[in-house]
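As structure tokens, the structure follows; a few thoughts come after it.
Each chain gets a letter, A, B and so on, in the order the sequences are listed, and its residues count up from 1.
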Number of protein chains: 2
Amino acid sequence: MSADERDGAPKRGRPRDATAEAAILRAFFEVVAEQGYPAATMDAVAERAGVAKTTIYRRWASRDALMIAAHGLLTDENPPPDTGTLRGDLLGIASLLIENLGRPPLSLVAAATIGEMAHNPDLAALFRAAVVEQRLAMLTEIFERAVARGEIAPGEDWRLLSEMLVGAVMFRVVVTGERVDARVGATLVVALLRAIAPHVDLTRPLGGADDLLAE
Amino acid sequence: MSADERDGAPKRGRPRDATAEAAILRAFFEVVAEQGYPAATMDAVAERAGVAKTTIYRRWASRDALMIAAHGLLTDENPPPDTGTLRGDLLGIASLLIENLGRPPLSLVAAATIGEMAHNPDLAALFRAAVVEQRLAMLTEIFERAVARGEIAPGEDWRLLSEMLVGAVMFRVVVTGERVDARVGATLVVALLRAIAPHVDLTRPLGGADDLLAE
DNA sequence: TAATTACGCTACCGATCCGTTGCGTTATTC
DNA sequence: GAATAACGCAACGGATCGGTAGCGTAATTA
């Protein structure tokens with residue numbers, strides 16, 4: 001959301017270019033992905049967006065304001081999966097996760113954002129509230145539905161178990177730099193199910209993730 | 001390792017300050033932890049280290065060279081645990097991990113380094129070879145010893161399972177920003193053991209991590 | 001003592017940064 | 001057509017960056 005939009009738009013004069021705002025925010029993330037936050041200067045963003053620097057300053061008061069505004073757009077619109085089984089829901093989550101972060105450019109934006117959050121408390125608070133907690137809540141909801149169905153026992157630390165899944169994907173993407181595909185996601189889900197629900201078939205090795213993918 | 005140290009040290013003239021090199025590298029990471037890589041400028045590092053900027057340039061040819069040299073020091077000297085049981089070894093690894101990354105300043109350095117690696121291939125290659133792969137290899141070795149003891153079955157994806165442990169800790173530290181303590185580490189190890197070794201006691205909830213801590 | 005080399009300090013260069021200003025132009029409303 | 005406001009463009013000021021150079025001084029060897 002840009003810094004200034006009040007009540008009824010003032011009607012006189014040339015209207016603002018409706019496409020510029022999206023182009024600027026998009027350009028910001030493009031530069032971040034390619035060269036990191038410090039390289040996303042106002043000049044670089046303006047040039048990438050195809051607008052003049054003054055056009056950016058008409059919408060946001062400073063570079064910090066632009067940065068904060070850009071991250072307001074990162075909320076995930078994908079609805080949380082609800083397949084009726086814990087296994088199906090977790091596979092759905094893994095699929096969403098890998099689709100979003102498994103490859104550039106979003107994997108690079110994620111890595112850069114982690115680095116930026118370490119010394120930018122405002123951005124960290126916003127990103128955690130608008131993105132991280134939202135998605136972890138999706139996982140908590142999935143586990144609670146499974147408990148309500150009697151599929152698993154209550155009382156576990158669902159948040160920490162969720163972080164094993166999300167963390168493993170994130171680790172591969174931003175630390176080792178390896179690509180993550182659906183196969184990896186399925187293997188992680190199998191391991192997680194074993195850790196949670198003792199009554200799943202424990203005789204199959206984790207390679208049995210193929211069975212899940214085939215469904 | 002500084003950029004220039006050749007054969008027998010030249011003996012004439014005032015010798016280099018033996019403490020300066022360590023002070024410079026330490027100052028570099030201090031600034032990175034507090035303000036990120038871009039803020040670790042030559043002027044800032046020099047001031048923090050208590051040396052003149054020219055003293056840095058006598059040891060390294062450029063800021064990039066300093067940055068690369070600094071990360072050569074990040075290898076972990078802690079020997080991998082070998083307690084005789086998979087459970088003990090995993091708890092030892094979790095303890096090392098949490099001791100290193102569970103709190104500032106190293107947690108902040110880790111986050112900043114993740115962001116920097118995304119657009120600095122030289123640093124990424126060095127850090128992955130010197131730090132990441134080394135520590136993942138410690139975990140692989142632990143799993144292979146457990147297989148050799150007959151404690152667990154062979155054939156699993158040990159690397160991916162290791163990444164669930166390391167990734168969960170890393171996720172908490174650099175994404176959610178929560179502190180990680182020994183309790184969390186023990187809970188993670190219990191979950192991992194359940195995922196790997198079906199014959200552990202599955203009736204205890206994950207909260208049973210207290211039992212492990214008491215040992 | 002003389003030669004040599006590291007040191008801290010200051011100053012500088014060219015480049016780039018954020019943010020502002022002014023101006024001619026374009027699009028819209030009254 | 002007059003008034004209004006956004007647009008692109010160019011320029012600027014003050015600050016900071018990486019990296020270099022000069023100078024007086026401190027520490028060592030021959």
- Side chain of B:Ala52: nearest nucleotide among C:dC7, D:dC7, C:dC9? C:dC9
- Message: Please identify which of these residues, B:Asp89, B:Asp82, B:Thr83, meets the side-chain contact (heavy atoms from CB on, under 4.5 Å) condition with B:Ile142.
- Response: B:Asp89
- Message: If I take atom CD in residue B:Glu47 and atom C1' in nucleotide C:dT10, what distance separates them, rounded to the nearest angstrom?
- Response: 15 Å
- Query: Rounded to the nearest 0.5 Å, what separation is found between the OG atom of A:Ser62 and the CE atom of A:Met42?
  - Reply: 7.0 Å
- Query: When the distance from CD1 of A:Ile24 to C1' of D:dG8 is rounded to whole Å, what number comes out?
  - Reply: 13 Å
Any N/O pairs under 3.5 Å between the protein and nucleotides 22-26 of chain D? List them or say none.
none

- Task: Kindly give the heavy-atom pair with the smallest separation between A:Leu74 and A:Arg135, and that separation in Å.
- Result: O-NH2, 3.4 Å
- Message: Please give me the minimum heavy-atom distance between A:Arg128 and B:Val174, naming the atom from each residue.
- Response: NH2-O, 4.2 Å
- Message: Counting only side-chain heavy atoms from C-beta out, which of C:dT28, C:dC7, D:dA6 sits nearest to A:Pro15?
- Response: C:dT28
- Query: Measuring from A:Arg16:CZ to A:Arg59:CZ, what's the distance to the nearest 0.5 Å?
  - Reply: 5.0 Å
All N/O contacts under 3.5 Å from nucleotides 15-18 of chain D to the protein, with atom names and distances to one decimal?
unit_1	atom_1	unit_2	atom_2	d
D:dG18	OP1	B:Arg63	NE	3.2
D:dG18	OP2	B:Met42	N	3.0

- Query: Out of A:Arg63, A:Lys53, A:Arg48, which one pairs with A:Asp43 under the salt bridge (charged side-chain N to carboxylate O under 4.0 Å, His left out) rule?
  - Reply: A:Lys53
- Within a radius of less than 6.0 Å around CZ of A:Arg159, do more than 12 heavy atoms belonging to other residues, nucleotides or ligands occur? yes
- Message: Please report the distance, rounded to the nearest Å, between CE in A:Met67 and C1' in C:dC18.
- Response: 12 Å
- Query: For the pair made of CZ in B:Arg59 and P in C:dT5, what is the distance, rounded to whole Å?
  - Reply: 15 Å
- Rounded distance in Å - CD (A:Glu21) to C1' (D:dC7): 16 Å
- Query: Tell me: CD1 of B:Ile56 to P of D:dT20, nearest whole Å?
  - Reply: 13 Å
- Item | Between D:dG19 (P) and B:Trp60 (CH2): distance, integer Å | 14 Å
- Task: Flag the pair B:Tyr37 / A:His119 as yes when their ring centroid distance falls below 6.0 Å, and as no otherwise.
- Result: no
- Message: As an exercise, state the distance from CH2 of A:Trp158 to CG of A:Leu136, rounded to the nearest 0.5 Å.
- Response: 15.0 Å
